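Structure, as structure tokens:
Being a predicted model, the structure only gives us computed values, none of them experimental. Numbering of residues begins at 1 and proceeds along the displayed sequence.
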Amino acid sequence: MKAKDLMTTDVKCCAEYNTLNTAAQMMWEHDIGCVPVVDKEGRAIGVLTDRDICMGAYIQGVPLTGALVTSAMSKEVFSCAPQDDVAAAEKLMKQNQVHRLLVLDAGGHPVGMISLNDIAHEGAREAEMRTARQVSDAEITGLLASVCAPRHRIIAAQAA
């Protein structure tokens, strides 16, 4: 599976000149915990989480309206491309201990985001599909065995 198959495509971004208040309001309105921070050309230059907002305002001793997102964002952007395998994305998340990974186009513009939650849900869905296929295969095998059994074995089995 590729990142483009699993990623959330409706990525909300904030600009480098936005305040922490603007970013917090965006997160609240869209029920998200992380936004990419983009420059004037729309390229990702950082990532800001709800925790970054809280800690950034607290440490700086300023209200959310008094600090720019650049003062609290993580400047290290962990990302993958839409055509990358989800397994590689998951490995990158584990190595860097991040819960979310930006999906960037060739120009560095955010086109999606993958979270650990997305990966976990997909893993659970795949496990359910495997279980369903195994049950189905077992039922088909049993049905074929009973259809193909000689009649005298079926009568003997019913008599027992």
In the single-linkage hydrophobic clustering (I, L, V, M, F, W, Y; side-chain heavy atoms under 4.5 Å), do [X] and [Y] co-cluster?
{"X": "L92", "Y": "L6", "result": "yes"}
{"X": "I59", "Y": "M73", "result": "no"}
{"X": "I53", "Y": "I32", "result": "yes"}
{"X": "I45", "Y": "V38", "result": "no"}
{"X": "M1", "Y": "V103", "result": "yes"}

Testing the basics here: between [X] and [Y], what is the closest heavy-atom pair and its distance to 0.1 Å?
{"X": "V62", "Y": "A67", "result": "CG2-CB, 3.8 Å"}
{"X": "V86", "Y": "A3", "result": "CG2-N, 3.9 Å"}
{"X": "L101", "Y": "S79", "result": "CD1-N, 3.6 Å"}

Subject >> Under 3.5 Å: donor-acceptor pair, side chain of D39, backbone of G42 >> reply: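 Yes, the answer is positive, given that a donor and an acceptor are paired below the 3.5 Å cut-off.
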
So, taking the atom named [atom1] in [X] and the one named [atom2] in [Y], what distance separates them when rounded to the nearest 0.5 Å?
{"X": "L48", "Y": "M26", "atom1": "CG", "atom2": "CE", "value": "10.0 Å"}
{"X": "Y58", "Y": "M55", "atom1": "OH", "atom2": "CE", "value": "7.5 Å"}
{"X": "C54", "Y": "L64", "atom1": "SG", "atom2": "CG", "value": "7.5 Å"}

Does [atom1] belonging to [X] count more than 12 external heavy atoms closer than 6.0 Å?
{"X": "K94", "atom1": "NZ", "answer": "no"}
{"X": "Q83", "atom1": "CD", "answer": "yes"}
{"X": "E76", "atom1": "CD", "answer": "no"}

Do [X] and [Y] come within less than 4.5 Å of each other through their side chains, counting heavy atoms only?
{"X": "S115", "Y": "H99", "answer": "no"}
{"X": "V47", "Y": "C34", "answer": "yes"}
{"X": "T49", "Y": "R100", "answer": "yes"}
{"X": "E90", "Y": "I114", "answer": "no"}
{"X": "D118", "Y": "M7", "answer": "no"}

Pairs under 3.5 angstrom only: tabulate donor-acceptor contacts from the side chains of residues 104-113 to other protein residues two or more places apart or in another chain.
residue: D105; atom: OD1; partner: G107; partner atom: N; Å: 2.9
residue: D105; atom: OD1; partner: G108; partner atom: N; Å: 3.0
residue: D105; atom: OD1; partner: H109; partner atom: N; Å: 2.8
residue: D105; atom: OD1; partner: H109; partner atom: ND1; Å: 3.3
residue: H109; atom: NE2; partner: E41; partner atom: O; Å: 3.0

Enumerate donor-acceptor pairs with a distance under 3.5 Å from any side-chain N or O in residues 9-20 to protein atoms, sequence neighbours excluded.
residue: D10; atom: OD1; partner: K12; partner atom: NZ; Å: 3.1
residue: D10; atom: OD2; partner: K12; partner atom: NZ; Å: 3.3
residue: N18; atom: OD1; partner: A15; partner atom: N; Å: 2.7
residue: T19; atom: OG1; partner: N21; partner atom: N; Å: 3.4
residue: T19; atom: OG1; partner: T22; partner atom: N; Å: 3.2
residue: T19; atom: OG1; partner: T22; partner atom: OG1; Å: 3.1

Original post:
Any ion pair linking D84 and K2 (charged N to carboxylate O, less than 4.0 Å)?
Top reply: no

